Each structure stands twice: as C-alpha cells, then as structure tokens.
Amino acid sequence: MARILITSALPYINGIKHLGNLVGSQLPADAYARFMRQTGHEVMFICATDEHGTPAELAAAKTGEAVADYCARMHGVQAELARGFRLSFDHYGRSSSARNHTLTQHLAGKLADNGLIEEVSEKQVYSLADGRFLPDRYIEGTCPNCGYDRARGDQCENCTKQLDPTELLNPRSAISGSTDLEVRETKHLYLKQSAMRDRLGEWIDRQTDWPILTTSIAKKWLYDGDGLRDRGITRDLDWGVPVKRGDKDWPGMEGKVFYVWFDAPIEYIGATAEWADAHGLGDDAWQRWWRTDMGADDVRYVQFMGKDNVPFHTLSFPATIMGSGEPWKLVDYVKSFNYLNYDGGQFSTSQGRGIFMDQALDILPSDYWRWWLLSHAPENSDSEFTWDNFQASVNKDLADVLGNFVSRVTKFCRSKFGEVVPDGGEYDEAEAGVIAQITTRLKAYEDCMTAIELRKATTELRAIWVIGNEYLQAAQPWAIYKTDPAKAAAIVRFALNLIPLYAVLSQPFIPDAADTMLAAMNSDNRNWPTDLKVALSALPAGHEFSVPEVLFTKISDETRAEMEARFAGQN
RNA sequence: GGGCCUGUAGCUCAACUGGUUAGAGCAGAGCGCUCAUAACGCUUUGGUUGGGGGUUCGAGUCCCUCCGGGCCUACCA
C-alpha cells in the first residue's frame with residue numbers, strides 16, 4: 001500500500017468561497033483522498049487558509065477588526081463550511097501559524113545561502129492617506145490610451161492595454177480614493193527563478209502524464225518572452241511572515257514581510273507540522289511526508305488547484321524547494337481545473353452572482369452539491385452551473401437511480417419478509433451475471449479514480465447503481481414471490497446486499513448518504529471490496545436492518561424557479 | 001498583440017498513439033412492469049463531429065484557413 005500526500009490549493013481568507021472555488025480544488029481532492037483511504041493507502045490530506053496579503057488587511061479594516069482577529073474568525077467560518085461539505089482534511093491549517101513562519105524564514109535563508117536571493121531597489125507608489133504602499137491594481141486613474149476613468153494601475157479593463165501605474169492620469173488610491181500619492185524607493189528580495197529555468201524546464205518535461213492544462217501553463221511561463229522571470233518575494237506590509245534569514249535578522253529588510261505567494265505553498269508543509277503538533281507527535285511524524293531523507297521517498301504527492309494557481313505550484317514553489325538544496329518532497333502530480341461558470345457568466349462576489357458555500361448548505365445537504373459538482377467538474381474545459389441541469393442530475397441520478405433502488409428493495413423486503421435479510425432459495429446465473437457486470441464496471445471505476453478522472457468516475461459509479469435496477473426488473477421478486485417465495489427470498493437477499501456495496505463505492509462522492517445506507521443496513525464494514533462474491537454475501541440471512549428515510553428528496557420545479565431568481569444577482 | 005484550451009445529437013459529455021456502420025446519460029417517442037421517491041426496465045427518433053481546403057488506403061482525431069466560446073499574459077491571491 002502506498003503513501004499519498006494530497007494538498008488542496010489554500011482558500012484565501014478574504015470571504016466565503018463559491019462553488020467554483022470548491023470544485024476547483026478542495027472537493028476533488030477530498031474525493032480522491034477518500035478513495036485512497038478506502039482502498040487501503042495511507043493518506044495525508046492537507047489544506048489551510050491563506051491569510052496574508054493586502055486583501056486580508058483591507059477586509060479586516062472594513063469590519064473594524066484587527067487583521068489577526070479577522071483571520072482567526074474567518075478561519076473558523078471556512079473550517080466550519082469545510083466540515084459542512086464533509087471535506088476530510090487530516091488538518092486544516094493556517095498560513096499564519098508559527099510553523100509556517102519558521103519554515104518560510106528557514107527556506108528563504110537557505111535560498112539566500114545558495115545565492116538565489118537578490119536585493120532589488122525599486123520605486124513604488126505610496127499612499128499617504130492610507131499609510132501603505134499600493135499594489136499596482138490598487139491604484140486607479142484615467143487610462144492614457146483610451147480615456148477610461150477607472151483604469152487600474154496594472155491594466156485598463158476597458159481597452160485591455162497593460163499599464164504602469166505611473167502612466168495613469170489623475171491617479172488615486174483604489175482603497176480610499178485619495179490622490180495624495182507619491183513614489184517612494186523601497187528595497188525587496190527577489191527569488192532568482194531565472195537561474196533555475198533549465199532545471200525547472202527539465203523537470204516539467206519529464207511530467208508527461210500531467211494534464212495538458214498544467215504543463216502548458218508551466219511552459220508558457222518558462223519560455224514566454226525572455227523566459228521565467230525573477231519574482232519579488234517580499235512586501236511592505238504589517239501582516240505576514242516577517243522577513244528573516246533563518247532565525248537571524250535580515251539587514252535592510254526590517255518591517256517587511258514575505259509575499260503571500262512565497263509563504264502560502266510552504267504552508268502545505270507547515271500545516272502538516274501543525275497536524276503533528278495537534279496530535280502530540282514529534283517532528284519525525286510530519287517529516288516522513290516531506291523529507292526524502294526522513295522517509296518521504298515512497299510518498300506520492302498530488303496537488304489539486306484551479307488553473308490560476310498553476311504557475312505558483314509548477315514553478316515558484318518547486319523553485320523554492322529545489323533551490324533550498326535540502327531534500328524536500330517535490331510534487332508528483334499536479335491536477336488542475338478550469339473554471340465553473342454560473343448560468344452564462346462568471347461567479348461574482350461583488351454582484352452577488354452565483355452560489356456560495358454557506359448558501360449552498362442552507363439550501364440542500366452537501367451530498368447533492370458534491371455529486372453535481374464532481375460529476376460536472378471542469379476537467380477539460382470550463383463548465384457551467386444551471387439550476388435546470390442541477391435539478392435534472394440530482395433528481396435522476398441520486399433520487400431515482402440510487403435512492404429509489406434502496407427504497408424499493410428495503411420496502412419490498414419489509415412487506416414480505418420483515419426487516420430481516422430473508423433465508424432460503426439459491427442464487428443462479430442471474431446473480432452471477434450481476435457480479436460479472438459489476439466486476440467490469442468496478443475496475444473501470446477504480447481506474448478512473450486512480451487517474452483522477454472524476455467525471456468519468458461518476459459515470460461508472462452511476463452505471464453500477466443502474467445494474468441493481470436492471471437486476472430487480474429482470475428477477476421480478478414481486479412476481480416470483482407468488483409461486484416460489486424461497487426464490488424471491490434469495491433475490492431479495494442478493495439485492496439487499498447490493499446496498500452496503502453501493503454505500504462503500506459511493507462514499508468518495510456522497511459520504512452522508514453512504515453512512516445512512518450503511519446504518520440502515522446495520523453494517524459497519526467500510527472496506528473496499530476485493531472479491532465481489534464475498535462482498536455481496538456480507539449480510540447473511542437473519543441479519544436485521546431498517547428501512548431508511550428517503551435518501552434524496554427531489555428538487556421541485558417550483559424550488560428550481562425560486563432559486564434561479566434568488567441567485568440571479570443584481571443587474 | 002502573443003500564447004494556450006475549446007467548438008461532437010435539443011442539453012451535458014465519451015471516442016488510447018488517425019482504423020470497422022461516431023457512443024452514453026438527460027430530454028422526446030413507443031412498449032413493459034407495478035416492489036419503489038408517478039420510481040424502474042426494454043426499444044427507439046436525433047449528428048455531412050462550427051465552415052472551407054489539404055495530407056492519407058483511411059480524419060472527430062494531423063496540417064492550413066475562416067468563424068464562435070474561454071483562459072492566461074507575471075504587483076489580487
């Protein structure tokens with residue numbers, strides 16, 4: 001059995017994430033983690049909130065909280081929503097943790113020791129009214145090219161021309177509107193990624209099985225124009241990891257912090273250390289996942305993220321890891337996703353367009369969302385949420401095909417034999433045929449899960465559910481019962497045994513329903529089946545069960561229409 | 001501007017390195033069943049694979065071109 005390290009891109013602390021964010025990293029990572037655990041592998045599934053950077057400071061200022069308080073509160077909110085969606089992290093950490101501080105400073109020190117850090121003096125816009133340096137896109141003004149009066153300092157949204165903030169006419173702070181701006185000299189550390197271009201390029205070239213989306217983005221950044229550029233890894237902010245060279249002060253860098261994109265991926269390691277701390281374990285417990293000299297040699301490391309995060313995970317973070325000269329574990333597989341759109345447009349926080357995690361859970365249980373999102377995951381191209389499609393998928397797949405199967409089997413048994421697995425009769429070719437069919441489908445399902453082809457996996461899983469309905473239709477226990485009750489008993493016994501099997505197989509996608517099914521069947525065997533004939537005789541004659549509540553309630557046309565209107569946003 | 005992805009039945013998607021009459025699910029039509037959440041099963045109608053040209057014995061798949069959709073383009077994260 002292998003050891004699998006799984007990380008989901010860190011959700012930014014600034015606000016509740018929408019379903020597009022969820023399906024782009026955390027949710028598929030969870031399905032994969034669940035499958036790997038069930039199939040007997042040792043899994044470490046890590047996520048954390050990404051808490052540094054300008055947006056966090058501004059969001060805190062808006063609510064009047066100290067930024068540390070704001071982050072602590074929002075971490076709690078996001079952690080609760082993660083639980084609501086049944087995301088099975090082994091640890092949900094915080095990039096502001098002491099562990100991350102130490103690791104970030106340590107790695108920066110190593111990079112400096114290896115000559116991969118450069119001090120660069122540059123000019124940046126400072127807002128006196130806001131008391132802070134402004135990132136380019138926090139400066140607004142009139143576009144010198146087209147005259148648009150709300151152009152941002154990095155690019156004009158109207159004419160798409162790339163800008164330098166000093167080119168803007170009548171520049172003002174996007175935060176306060178203040179025009180009291182000045183250009184100041186400030187010194188920053190740069191990670192010399194350019195020095196590692198060849199090494200990174202060779203490494204990327206070896207990843208022939210990665211999604212095209214992943215490698216094409218990496219190569220674009222590696223070779224576009226002058227090639228991979230150096231990147232500033234410090235900022236003039238109060239909130240963040242203070243710049244230090246290991247545990248020593250860094251002369252000239254007083255009052256500065258590391259750039260959020262430098263420390264965020266390091267938190268994958270930090271959160272694993274936090275996990276060890278939380279469980280009272282020593283450093284060796286987390287190092288065996290991350291240090292190839294401490295046992296991480298045989299770890300397979302898989303990352304999940306939306307496509308916007310790919311450059312950081314395929315280039316910047318590996319540059320940090322490799323450049324340290326220390327034996328840290330590099331990622332083995334980068335699974336990236338396109339975007340999920342909402343009903344013809346993008347999800348939009350500002351316009352209140354689309355569905356956010358908290359709202360989703362208020363409307364329906366998490367299984368409904370998990371199933372739809374994962375069966376429509378934007379693996380090959382952007383995909384789109386519509387209420388119509390959501391209603392159709394949920395009602396048909398979950399309520400009709402799976403839910404109704406459980407219902408018809410358990411209720412028929414109760415009416416003829418009571419809530420006990422009936423005795424008598426023999427299995428024949430029909431049952432053998434079902435086993436053969438499921439064996440084939442199960443293999444395909446396992447292959448899809450192993451390859452992290454989640455859409456295809458849901459198709460296979462659904463096909464396995466359908467086999468149950470086909471079997472019942474052909475076997476007709478309700479008709480056989482009239483002439484041969486013993487044979488009917490055998491059919492029902494076999495059909496009842498399909499329920500815990502379906503529960504176990506479905507668990508990566510719909511964990512709550514899986515629990516309900518197992519509880520109803522009075523079973524606690526969650527082991528992945530290796531021999532279906534054995535698995536399908538797990539419930540012996542005489543085993544008691546209870547008819548479960550309706551597993552999935554259908555979404556009515558009225559509800560669908562109501563939701564459509566509610567989430568359409570303003571405009 | 002540059003780069004990448006994408007366009008397959010009304011809808012959502014398949015189709016390994018080019019290889020027999022392009023497949024599923026949903027929706028539609030017909031039939032069957034009546035255990036079940038008016039659920040299930042069977043059969044079936046839908047495609048000159050965005051348009052055009054080319055390479056090849058053979059193209060959804062490769063090349064060129066045109067049209068449409070999307071993303072990225074490095075100081076948001």
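Letters A, B, ... are given to chains in the order of the sequence lines, protein chains preceding strands, and every chain is numbered from 1. It should be emphasised that the depicted structure is a prediction, and the values quoted were computed from it without experimental measurement.
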If you check every side-chain atom of [X], which of [options] has the closest atom?
X        : options                : answer
A:Lys307 : B:rG70, B:rA77, B:rU34 : B:rG70
A:Asn469 : B:rG41, B:rC33, B:rA77 : B:rG41
A:Val550 : B:rC76, B:rU37, B:rA77 : B:rU37
A:Arg229 : B:rC26, B:rU12, B:rA74 : B:rA74
A:Pro55  : B:rC72, B:rC76, B:rC75 : B:rC76
A:Lys554 : B:rG41, B:rC11, B:rU37 : B:rU37
A:Asp50  : B:rA77, B:rC71, B:rC76 : B:rA77
A:Trp478 : B:rC11, B:rA74, B:rC35 : B:rC35
A:Gln473 : B:rC40, B:rC11, B:rA77 : B:rC40

Pairwise [atom1] distance for [N] and [M], with rounding to whole Å:
N      : M      : atom1 : answer
B:rG47 : B:rU21 : C1'   : 14 Å
B:rU20 : B:rU65 : C1'   : 31 Å
B:rC63 : B:rU17 : P     : 13 Å
B:rU45 : B:rC62 : P     : 30 Å
B:rG3  : B:rC64 : P     : 12 Å
B:rC75 : B:rA59 : C1'   : 47 Å
B:rG41 : B:rA24 : P     : 15 Å
B:rC40 : B:rG46 : C1'   : 24 Å

Taking atom CD of A:Glu549 as the centre, does the number of heavy atoms from other residues, nucleotides or ligands within less than 6.0 Å exceed 12?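 No, not enclosed.
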
Would one find more than 12 heavy atoms of other residues, nucleotides or ligands at under 6.0 Å from atom CG of A:Asp226?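 Atom CG in A:Asp226 is not crowded, with 12 or fewer foreign heavy atoms closer than 6.0 Å.
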
Which part of the nucleic acid, if any, lies within contact of [X], taking any heavy atom under 4.0 Å across all strands shown: a base, the sugar-phosphate backbone alone, or nothing?
X        : answer
A:Thr54  : sugar-phosphate
A:Ser383 : sugar-phosphate
A:Leu10  : nothing
A:Asp388 : nothing
A:Val406 : nothing
A:Phe552 : base
A:Lys220 : base
A:Gly403 : base
A:Pro477 : nothing
A:Gly468 : nothing

Compute the ring centroids of [X] and [Y], then answer whether they are less than 6.0 Å apart.
X        : Y        : answer
A:Phe312 : A:Phe317 : no
A:Phe133 : A:His188 : no
A:Trp387 : A:Phe390 : yes

Could you walk me through whether A:Lys123 and A:Thr166 pass the side chain to side chain donor-acceptor pair (under 3.5 Å) test, one step at a time? CA-CA 10 Å; A:Lys123 290 182 166 61; A:Thr166 56; over 6 Å; no

Rounded to whole angstrom units, what separation is found between the CG atom of A:Asp224 and the P atom of B:rC4?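 So the CG-P distance, A:Asp224 to B:rC4, works out to 10 Å.
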
Apply salt bridge (Lys or Arg N to Asp or Glu O under 4.0 Å) to residues A:Glu118 and A:Lys192 and explain how you reach the verdict. CA-CA 7 Å; A:Glu118 186 174 32; A:Lys192 293 166 77 175; 5.1 Å; no

What dot-bracket string describes RNA chain B from 5' to 3', counting Watson-Crick and G-U wobble pairs whose defining distances are under 3.5 Å, with [ ] for crossing pairs and | for pairs to another strand? (((((((..((((.....[...)))).(((((.......))))).....(((((..]....))))))))))))....

Would you call A:Asp130-A:Arg132 a salt bridge at under 4.0 Å N-O?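 The answer is no: the pair does not qualify as a salt bridge.
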
Carboxylate-amine/guanidinium proximity below 4.0 Å for A:Asp382 and A:Lys307: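 Looking at A:Asp382 and A:Lys307, the cut-off is met.
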
At less than 3.5 Å, do the side-chain atoms of [X] and the base atoms of [N] form a donor-acceptor pair?
X        : N      : result
A:Asn404 : B:rA39 : no
A:Arg408 : B:rA39 : no
A:Gln476 : B:rC33 : no
A:Glu384 : B:rC11 : no

Strictly below 4.0 Å, heavy-atom distances to any atom of RNA chain B: list the hits from residues 453-463 of chain A, or just say none.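 Hits under 4.0 Å, by residue number: A:Arg455, A:Lys456, A:Arg462.
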
What side-chain donor-acceptor pairs closer than 3.5 Å can you find for residues 415-422 of chain A, not counting sequence neighbours?
from     : atom 1 : to       : atom 2 : distance (Å)
A:Ser415 : OG     : A:Phe412 : O      : 2.9
A:Glu419 : OE2    : A:Val547 : N      : 2.8

Return the 5'-most residue of the pair A:Asp382, A:His376 with respect to RNA chain B, ranking by each residue's nearest nucleotide.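 The residue closer to the strand's 5' end, by nearest nucleotide, is A:His376.
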
Hey, which sits more toward the 5' end of RNA chain B by its nearest nucleotide, A:Leu213 or A:Phe312?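 Nearest-nucleotide comparison on RNA chain B picks A:Leu213.
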
Quick test of the criterion, 5.5 Å between centres and less than 30° between planes. Is A:Phe412 stacked on B:rC35 or not?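 Here the ring of A:Phe412 and the base of B:rC35 are not stacked, as the 5.5 Å and 30° limits are not both satisfied.
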
side-chain contact (heavy atoms from CB on, under 4.5 Å) with A:Leu222: which of A:Leu200, A:Thr215, A:Thr314, A:Asp198?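 Of A:Leu200, A:Thr215, A:Thr314, A:Asp198, side-chain contact (heavy atoms from CB on, under 4.5 Å) with A:Leu222 is met by A:Leu200 alone.
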
Look at the aromatic rings of A:Tyr92 and A:His75 and report parallel, tilted or perpendicular, splitting at 30° and 60°.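 Plane angle under 30°, so parallel.
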
Syn or anti for B:rG46, given that syn means the glycosidic angle lies within 90° of 0?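 Nucleotide B:rG46 adopts syn.
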
For A:Tyr259, is the NZ or CZ atom of A:Arg235 found under 6.0 angstrom from the centre of its six-membered ring and inside 45 degrees of the ring axis?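 Ring-cation test returns yes.
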
